[in-house]
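Only one structure is covered here, and it is reproduced in the block below.
All values below were derived from every heavy atom in this structure, side-chain atoms included, with hydrogens, water molecules and symmetry-related copies excluded. Being a predicted model, the structure only gives us computed values, none of them experimental. Residue numbers begin at 1 in each chain, while the letters A, B, ... track the order of the sequences.
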There are 2 protein chains.
Amino acid sequence: MTRKKVTIREIAKESGVSIATVSRYLNKVSYTSPETERKIQKVLDQFSYTPNAVARGLAKQKSNTIAFITPDITNPFFPEMIKSIEYIAKRNGYSLLLISTNEEELKNKDFWNNLKSRYIDGFLLAQSDLSEEIKGYLDKVQMPFIRIDRGVQSDSNNSVSVKNYEGASLAVRHLIELNCKKIAHISGPKSVFPARGRLKGYLDTMKLYDRTPLVYEGDFTLKSGTDITERLLSEHKDVDGIFYANDLMAIGALKTFKKHHVQIPENIAIIGFDGIQLTEMVNPEISTIKQPVKKIGEIAVDQLITKIEQPDLAGHVNVELDVELIVRESSDRQNQRDS
Amino acid sequence: MTRKKVTIREIAKESGVSIATVSRYLNKVSYTSPETERKIQKVLDQFSYTPNAVARGLAKQKSNTIAFITPDITNPFFPEMIKSIEYIAKRNGYSLLLISTNEEELKNKDFWNNLKSRYIDGFLLAQSDLSEEIKGYLDKVQMPFIRIDRGVQSDSNNSVSVKNYEGASLAVRHLIELNCKKIAHISGPKSVFPARGRLKGYLDTMKLYDRTPLVYEGDFTLKSGTDITERLLSEHKDVDGIFYANDLMAIGALKTFKKHHVQIPENIAIIGFDGIQLTEMVNPEISTIKQPVKKIGEIAVDQLITKIEQPDLAGHVNVELDVELIVRESSDRQNQRDS
DNA sequence: TTGAAAGCGCTAACAC
DNA sequence: GTGTTAGCGCTTTCAA
């Protein structure tokens with residue numbers, strides 16, 4: 001496939017110019033006469049030369065590689081988000097290094113030294129919640145980075161997230177329009193920022209419509225959806241609408257509903273948050289507030305690359321993307337009326 | 001965090017030895033006197049020195065990085081498998097580069113040249129089906145690699161896969177023990193090797209028990225599960241057991257069953273193949289033939305690293321892992337009898 | 001056991 | 001415009 005290894009030196013010799021000229025041509029920096037360019041290009045083709053990326057990296061102190069760091073590779077967002085990230089990165093000439101870490105590791109000096117010693121150009125951090133300690137590290141680590149999604153405090157910079165508050169409001173208003181009388185909220189852990197945003201959106205909107213809020217705290221897992229719904233049903237039999245702080249809990253709740261022969265959406269209308277693919281795979285399909293996962297990835301990597309390539313141009317970024325109400329069977333009472 | 005950048009040169013100067021000696025100590029190659037070692041180590045700690053990975057890479061022509069290449073990053077296996085791969089890789093001092101490609105790109109010389117120019121040490125290839133053309137490329141590319149899972153032809157080498165045939169047999173026997181009289185199989189695309197293995201397992205086992213086989217060809221997607229089940233039900237109303245060639249199709253079928261008010265497992269017992277997490281999240285939970293996803297990843301990366309570090313020791317590998325029958329609601333007639 | 005020095009392959013001043 | 005040369009930071013002969 002690739003014969004020997006052909007270096008810039010051969011190319012230079014073969015085209016009768018100096019390696020500097022070849023390098024200049026390759027990097028399109030400063031002018032080279034059209035004629036030499038033609039000569040060089042010819043030899044380049046002939047040898048199907050590819051510059052050695054490592055040598056180039058060493059000389060330029062740059063690897064054209066970014067890292068995606070997360071403790072939580074099995075998060076349902078992951079596949080789709082990674083896909084868009086890798087795609088955009090590649091299009092810009094960057095490769096994607098995948099790193100899964102626990103919080104401990106982020107505090108390890110060696111961890112960061114290692115990234116630096118590899119000239120990793122920047123990283124995306126998808127870490128749920130950062131302790132103050134780690135935030136301190138991040139400030140000092142002196143690398144471009146963007147935080148994604150859940151790891152976002154309202155006061156933070158350099159992050160891409162979604163409008164959790166508005167999304168929650170959308171969800172509640174949707175349930176109200178469905179004529180739900182008693183709308184409960186199964187929240188995420190209050191320690192997590194997006195969970196708080198969604199909770200506040202729920203509370204404020206309920207208030208706006210003069211409703212009495214009813215909140216149970218879950219932990220974003222499937223199981224907690226099942227269990228807490230069980231408790232909710234036993235303690236409040238008259239609930240007829242539930243807004244789950246994420247899809248996974250809503251899906252988990254389906255087991256409980258089935259067990260108690262609760263009809264969805266006839267008896268209770270439910271809606272989740274996130275818009276993971278799973279919502280379309282279960283029965284009934286779950287209504288949700290959809291996050292633009294791909295877009296989150298795209299924007300994050302885009303911002304990161306800007307920070308890398310034009311450090312001065314890129315100030316602190318703080319993007320908040322819109323979410324979208326997706327109505328599916330679990331809250332669709334149009335069809336219901338017909339039957 | 002990290003002050004200036006401290007190179008091996010400072011370490012050498014500071015400890016009063018040559019950089020060669022420091023390098024030797026760092027790489028634990030050839031002996032160094034205990035005394036110098038102590039001196040060096042002291043300085044090392046003091047500066048919290050990390051060798052520059054890129055420079056080292058250039059000198060050793062090695063990056064300590066492996067690539068995971070797939071066209072299909074949203075495959076449900078992905079998260080868990082990647083997780084185990086990254087874990088083992090890291091434990092062995094390797095990082096994981098994620099590359100998603102279409103088949104076209106694999107035929108592109110530049111693609112491979114790029115990997116080589118970065119001194120990527122090897123790669124895992126999770127590509128469904130490789131054309132002969134690509135297999136030709138792989139032979140010539142001269143890099144260590146292992147193929148994973150679906151990309152496996154029976155005659156291939158350097159691959160890690162599972163016992164598809166035996167798994168299918170397990171599934172069928174399970175349905176027979178459940179007293180199913182007419183057992184159908186929704187296969188995967190016949191062009192895909194694992195699909196063929198599962199089909200053959202089904203056919204042979206049916207024959208073994210003197211049953212008449214009934215096969216419909218699906219394409220492994222959720223939707224094909226829904227649609228083909230629809231057709232199956234209309235054409236063969238007496239089917240009472242279905243073995244789906246993968247879980248996704250079995251899950252898709254649930255919509256059809258619901259629509260036609262078919263009770264699972266009372267009217268029809270079903271079982272899938274793969275053991276993706278989704279099977280536990282739907283209603284009813286789906287029985288399945290579980291692939292040891294983590295193990296597949298672990299073994300693959302393990303083999304790959306062996307190939308990289310001991311090229312002579314590692315001959316051609318061809319691992320076939322065992323699968324496991326997991327009985328869940330969709331084929332559980334123990335509980336059914338009680339009710 | 002240790003040091004000197006020649007690479008690894010490319011970039012970027014600096015000079016012409 | 002183009003060539004010379006000194007790095008980038010580390011490894012690895014080859015001598016001593």
Side-chain angles (χ1 to χ4, degrees), chain A residues 2-41 43-44 47-64 93 113-121, chain B residues 2-41 43-44 47-64 93 113-121:
Chain A
T2 331
R3 58 190 84 202
K4 279 292 163 186
K5 67 191 70 179
V6 28
T7 75
I8 196 174
R9 219 181 307 289
E10 339 281 343
I11 303 296
K13 195 191 310 176
E14 206 65 27
S15 27
V17 298
S18 75
I19 63 172
T21 303
V22 177
S23 172
R24 276 190 211 100
Y25 173 62
L26 250 24
N27 294 286
K28 311 267 181 246
V29 46
S30 101
Y31 290 107
T32 34
S33 85
E35 192 187 350
T36 33
E37 292 196 356
R38 240 181 294 107
K39 282 193 300 187
I40 296 176
Q41 186 58 56
V43 181
L44 248 30
F47 285 67
S48 73
Y49 166 78
T50 307
N52 182 306
V54 179
R56 179 176 276 178
L58 181 58
K60 296 174 82 145
Q61 320 244 86
K62 182 167 186 342
S63 65
N64 276 336
N113 281 341
N114 178 262
L115 286 192
K116 291 197 163 188
S117 92
R118 306 180 53 172
Y119 295 140
I120 298 302
D121 301 312
Chain B
T2 331
R3 59 190 83 203
K4 280 294 165 185
K5 67 191 68 178
V6 29
T7 74
I8 197 175
R9 217 181 309 288
E10 341 279 343
I11 303 297
K13 194 189 313 175
E14 207 65 27
S15 27
V17 297
S18 75
I19 63 172
T21 303
V22 177
S23 173
R24 274 189 215 100
Y25 173 61
L26 250 23
N27 294 286
K28 313 263 181 251
V29 47
S30 97
Y31 290 109
T32 33
S33 82
E35 192 187 351
T36 34
E37 293 195 357
R38 239 181 294 107
K39 281 193 299 187
I40 296 175
Q41 188 56 55
V43 181
L44 248 29
F47 286 66
S48 73
Y49 166 77
T50 309
N52 181 304
V54 179
R56 179 175 276 180
L58 181 59
K60 296 175 85 147
Q61 321 246 84
K62 181 165 186 342
S63 65
N64 275 342
N113 281 341
N114 178 261
L115 286 192
K116 290 195 164 186
S117 92
R118 307 180 53 173
Y119 295 140
I120 299 302
D121 302 312

Any side-chain heavy atom of B:Tyr49 sitting closer than 4.5 Å to one from B:Val43?
no

Indicate whether OP1 or OP2 belonging to D:dT2 is found under 4.0 Å from a side-chain N or O atom of A:Ser30.
no

Output all residues satisfying side-chain hydrogen bond (donor to acceptor under 3.5 Å, both in side chains) with A:Thr7, sequence neighbours left out; order by chain, then residue number.
A:Glu10

For A:Ala55, check side chain to side chain contact (heavy atoms under 4.5 Å, CB included) against everything at least two apart and list the hits.
A:Asn52, B:Leu58

In Å and rounded to the nearest 0.5 Å, what is the OG to CZ distance from A:Ser33 to A:Arg38?
8.0 Å

To the nearest angstrom, the CZ-C1' distance between A:Arg38 and D:dG1 comes to 15 Å

B:Asp121: which residues meet the side chain to side chain contact (heavy atoms under 4.5 Å, CB included) condition with it, sequence neighbours left out?
B:Lys62, B:Ser63, B:Asn64, B:Tyr94, B:Ile308

Pairing residues for B:Gln41 by the side-chain hydrogen bond (donor to acceptor under 3.5 Å, both in side chains) criterion, not counting sequence neighbours:
B:Tyr25, B:Asp45

Going 5' to 3' along DNA chain C, which are the first and last nucleotides with any atom under 4.0 Å from a heavy atom of chain A?
C:dG9 to C:dA13

Hey, what bend do you get for the helix from C:dT1-D:dA16 to C:dC16-D:dG1 if you fit axes on five pairs at each end, rounded to 10°?
40°

Value rounded to 0.5 Å, distance of CG in B:Leu26 from CG in B:Leu44:
5.5 Å

Run the side-chain hydrogen bond (donor to acceptor under 3.5 Å, both in side chains) test against B:Thr32 and tell me which residues pass, sequence neighbours left out.
B:Glu37

Tabulate atom names and distances for all N/O pairs under 3.5 angstrom spanning the protein and nucleotides 9-12 of chain D.
residue	atom	partner	partner atom	Å
D:dG9	N2	B:Ala55	O	3.3
D:dC10	OP1	B:Tyr49	OH	2.2
D:dC10	OP1	B:Asn52	N	3.1
D:dC10	OP2	B:Ile8	N	2.4
D:dT11	OP1	B:Asn27	OD1	3.2
D:dT11	OP1	B:Asn27	ND2	3.0
D:dT11	OP1	B:Arg56	NE	2.6
D:dT11	OP1	B:Arg56	NH2	3.2
D:dT11	OP2	B:Ser23	OG	2.7
D:dT11	OP2	B:Asn27	ND2	3.4

Which residues share a side-chain hydrogen bond (donor to acceptor under 3.5 Å, both in side chains) with A:Arg56, sequence neighbours left out
none

Considering only distance and modelled atom types, tabulate donor-acceptor pairs under 3.5 Å from the side chains of residues 16-24 of chain B, sequence neighbours left out.
residue	atom	partner	partner atom	Å
B:Ser18	OG	B:Ala20	N	3.4
B:Ser18	OG	B:Thr21	N	3.3
B:Ser18	OG	B:Thr21	OG1	3.2
B:Ser23	OG	B:Asn27	ND2	3.4

